[in-house]
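Taking it in order: structure first as structure tokens, then the write-up.
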Amino acid sequence: MTADKKLAAIVLAAGFGTRMRSALPKVLHELAGHPMIVRVLETIGELGAEPTIVVVGHGGNQVEQVIADRFGGRGIRFADQKQPRGTGDAARCGIAMLSADFAGEVLIVCGDMPRVSAATLRRFVAEHRTSGAQLSLITAQVDDAARYGRVIRDRSGTVSAIVEAADATPAQLALREINTGVYLCAADTLRSAIGQLRPVNAQGEYYLTDVIAIANARADRVCAWVAENPAEFGGINSREELAAMESGMRREINRRLMAAGVTMIDPATAYISEEAEIGRDCVIGPNVQILGRCLIGNEVRIEGTAWLREVVIGDRTHLKMGVRAEQCRIGEDCEIGPFANLRAGTELVGHNRIGNFVETKQARIGRGSKASHLSYLGDADIGNDTNVGCGVITVNYDGFDKHRTEIGDRCMIGCDTQLVAPVKVGNDVYVAAGATIVREVPAGALCLSRHPQAVKPGWTEGWRKRHRKDAATDAEKSDRGHRGGNK
Ligand code: UD1
Ligand code: CA
């Protein structure tokens, strides 16, 4: 940003958001995983506006909390609009938070336009400065002008006014150029124009848009900058618009990834975050969600129906049908699933096999080790080339604390073994099936813990005979009961 003029920003976020029909303030609804207001403020942050004032009202505390959690105290101030009396009134509340001697420019954006980019806003600010206008706004040409404000131009093409859809004549409604709701104005001009606003319109509100006509009447220069990419300026007023915007973003993300060498069996069912990085020749099957910051290497195959959040996956790993993984590292050449649940803190070093119905949590599993069927491995450190048999369970929780299980390299942990933590199994240990391990097993040992097996030859026949006899007597009894029974 050119350092010659100071820039402040006001973000309008106090509206009721009536059309969302929600207990949650509109600007806190998430677009592709991030609240709308967070996206807008991240963009504004890139412009280096100082200060940035967020006008809050309906659900203000909640909005402030989300912003404070995400940005800390960094240059963001809040203005309280007690009643939602319109965008003009909201802007007035925002300006009141600026120091009276602030003589720079004020950028105003709506909190419900989460796709606007910093690059576009930067260009807008630069255009405004070279144009020498007192007031600039961004407009867009759209096919469906819907409920946006219409841009009225005079014969010379100068913008003379904005008319809200609710107040427009049929001829004005037919116009395709709309007001995006982004303005830039010298602080003094804005202060005095806002002072002149009157709520004389169909909605009985103070319209910020009226400052255009007011500036014109005072012979201030107004400059309308037509957006190159109208999609950036979609305002979200309903859940349907939110979903439509998100699906538009998804299409763009998927197009970019496919152009970069990722195969998608059906891009319509690939839900991938903007932050995700996916390597060359990966194959994304149907119904896959890759959320948050995921780093996926080359030639990774995700068969389908996967839910992945903040995971790192090494090259050539194969995720079979139905894998859920969160905050974990999966090394290269692994084979996961079908139906595996890798919870936070799982680290698979590489060349691992995690099979169906295996759950892991805070577990480091060394190179080449496997757990192929039906296990729970929580709070565990497992060495290299160890085989965890079917149904093995780390018993990690005593009702108060979690305890760790350590297993060495090259072990064979027999099926249906329980490891009661804290417990340690050394290298090269064989644990016989069905063991309950409660004490340390030294390296190289065979460990057995099972009840002696009792065998009673021919027992089954006797058992069945006894039962058949009982069954016959029962039937007789009930038969007699029926015949002689009372009505
Ligand atoms: C507004 C513009 C319209 C433009 C559209 C772009 C006005 C009068 N109309 O209409 O010309 O085409 O945005 O998306 O400005 N807000 C407050 N306090 C209020 C009312 C609103 O803070 O009292 C905030 C809302 O939270 C929202 C923003 O201002 O973030 C826009 O308000 P909204 O009611 O959505 O205006 P639109 O009808 O969409
Ligand atoms: Ca809006």
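Side chains included, hydrogens not; waters and symmetry mates left out as well; all remaining heavy atoms used.
Side-chain atoms of E310 never come within 3.5 Å of backbone atoms of G292 as a donor-acceptor pair (strictly under, hydrogens ignored). The backbone N or O of Y376 sits less than 3.5 Å from a side-chain atom of T394, completing a donor-acceptor pair. A distance-only check finds no donor-acceptor pair linking the side chain of T305 to the backbone of G322 [under 3.5 Å]. Side-chain N or O atoms of N201 include one that pairs as donor or acceptor with a backbone N or O of Q203 at under 3.5 Å. Put simply, the side chain of R239 gets close to the backbone of R21: a donor and an acceptor are under 3.5 Å apart. A donor-acceptor pair under 3.5 Å links the side-chain atoms of T317 to the main chain of G331, judged by distance alone. A distance-only check finds no donor-acceptor pair linking the side chain of R353 to the backbone of H351 [under 3.5 Å]. Listed for the K26 side chain is a donor-acceptor partner under 3.5 Å among the backbone atoms of I236. Side chain of S136 to main chain of A224: no donor-acceptor pair is present (N/O by atom type, distance under 3.5 Å, no hydrogens or angles). Not a single donor-acceptor pair under 3.5 Å links the side chain of T52 to the backbone N or O of A9.
Within 6.0 Å of the CG atom in D143, the count of heavy atoms belonging to other residues, nucleotides or ligands does not exceed 12. Enclosure of atom CZ in R324 by more than 12 non-hydrogen atoms of other residues, nucleotides or ligands within 6.0 angstrom is indicated. For K361, the NZ atom is densely surrounded, since the number of other residues' heavy atoms within 6.0 Å is greater than 12.
Of all heavy-atom pairs spanning H128 and S131, the tightest one is O-OG, 2.8 Å. Considering all non-hydrogen atoms of both residues, A325 and I330 come closest at CB-CD1, 4.5 Å. In plain terms, the two heavy atoms of P35 and L28 that are nearest each other are CB-O, 3.7 Å. A pairwise comparison of heavy atoms in A340 and I354 identifies CB-CG2, 4.2 Å as the closest pair. Residue I53 comes nearest to A79 through the heavy atom pair CG2-CB, 3.9 Å, listed as atom of the first residue, atom of the second, then distance. Closest non-hydrogen pair, Q141 versus V226, comes out as CG-CG1, 4.2 Å.
The shortest distance between side-chain heavy atoms of L175 and V151 does not fall below 4.5 Å. The closest side-chain heavy-atom distance from L12 to I108 is below 4.5 Å. Side-chain contact check for C294 versus V311: some heavy-atom pair is nearer than 4.5 Å. With a 4.5 Å cut-off on side-chain heavy atoms, N237 and R147 do not count as touching. Between M36 and H29 there is a side-chain heavy-atom pair separated by less than 4.5 Å. Within the 4.5 Å cutoff, the side chain of L31 has heavy atoms near those of the R115 side chain. Using a 4.5 Å cut-off on side-chain heavy atoms (C-beta onward), L98 and P51 make contact. Using a 4.5 Å heavy-atom cutoff, the side chains of V262 and I296 are not in contact.
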Worksheet item: Between R250 and E246, does a salt bridge (Lys or Arg N to Asp or Glu O under 4.0 Å) hold up when you go through it step by step?
Response: CA-CA 6 Å; R250 252 191 329 260; E246 187 160 322; 3.7 Å; yes

Item to complete: Evaluate the criterion side-chain hydrogen bond (donor to acceptor under 3.5 Å, both in side chains) for residue pair S99 and D101; output intermediate values, then yes/no.
Response: CA-CA 5 Å; S99 58; D101 58 357; 3.0 Å; yes

Fill in: Evaluation steps, salt bridge (Lys or Arg N to Asp or Glu O under 4.0 Å), between R19 and E241
CA-CA 10 Å; R19 286 170 271 171; E241 285 168 354; 5.3 Å; no

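Using a 3.5 Å distance cut-off with no hydrogens or angles, the side chains of Q134 and T189 do not pair a donor with an acceptor. Side-chain contact annotation: T360 with T346, donor-acceptor N/O pair under 3.5 Å present. Judged by distance alone, the side chains of Y397 and D379 never bring a donor and an acceptor atom under 3.5 Å apart. At a cut-off of 3.5 Å, with distance as the only test, no side-chain donor of E42 or H34 sits close to an acceptor on the other residue. Side-chain contact of Q65 with N61: a donor-acceptor pair under 3.5 Å is absent, judged by distance alone. Between the side chains of N298 and R280, no donor N or O sits under 3.5 Å from an acceptor N or O.
Annotation: the span from L377 atom CG to Q362 atom CD amounts to 13.0 Å, rounded to 0.5 Å. Atoms CD and CG, from E335 and L319 in turn, are 10.5 Å apart once rounded to the nearest 0.5 Å. Rounding to the nearest 0.5 Å gives a distance of 8.0 Å between CZ of R198 and CD1 of I214. In this structure, CG in N229 is found 7.0 Å from OG1 in T120, a value given to the nearest 0.5 Å. The CD atom of E326 sits 9.5 Å away from atom CZ of R343, with the distance rounded to the nearest 0.5 Å. Distance check, rounded to the nearest 0.5 Å: CD of E232 to OG1 of T180 gives 10.0 Å.
Between E275 and R293 no salt bridge is recorded (no basic side-chain N to carboxylate O distance below 4.0 Å). Salt bridge annotation for E274-R39: present, with a cationic side-chain nitrogen under 4.0 angstrom from a carboxylate oxygen. A salt bridge does not link E127 to R123: none of the charged side-chain nitrogens sits closer than 4.0 Å to a carboxylate oxygen. Look at R153 and E177 and you find a salt bridge, because one of the NZ, NE, NH1 or NH2 atoms lies within 4.0 Å of a carboxylate O, short of that distance.
Of the listed residues (V11, I37, V27), just one forms a side-chain contact (heavy atoms from CB on, under 4.5 Å) with I67, and that residue is I37. Checking each of L197, D220, V222, L137 against V211 for a side-chain contact (heavy atoms from CB on, under 4.5 Å) leaves exactly one that passes, namely L197.
Between F357 and F339, the ring-plane angle classifies as parallel under the 30° and 60° cut-offs.
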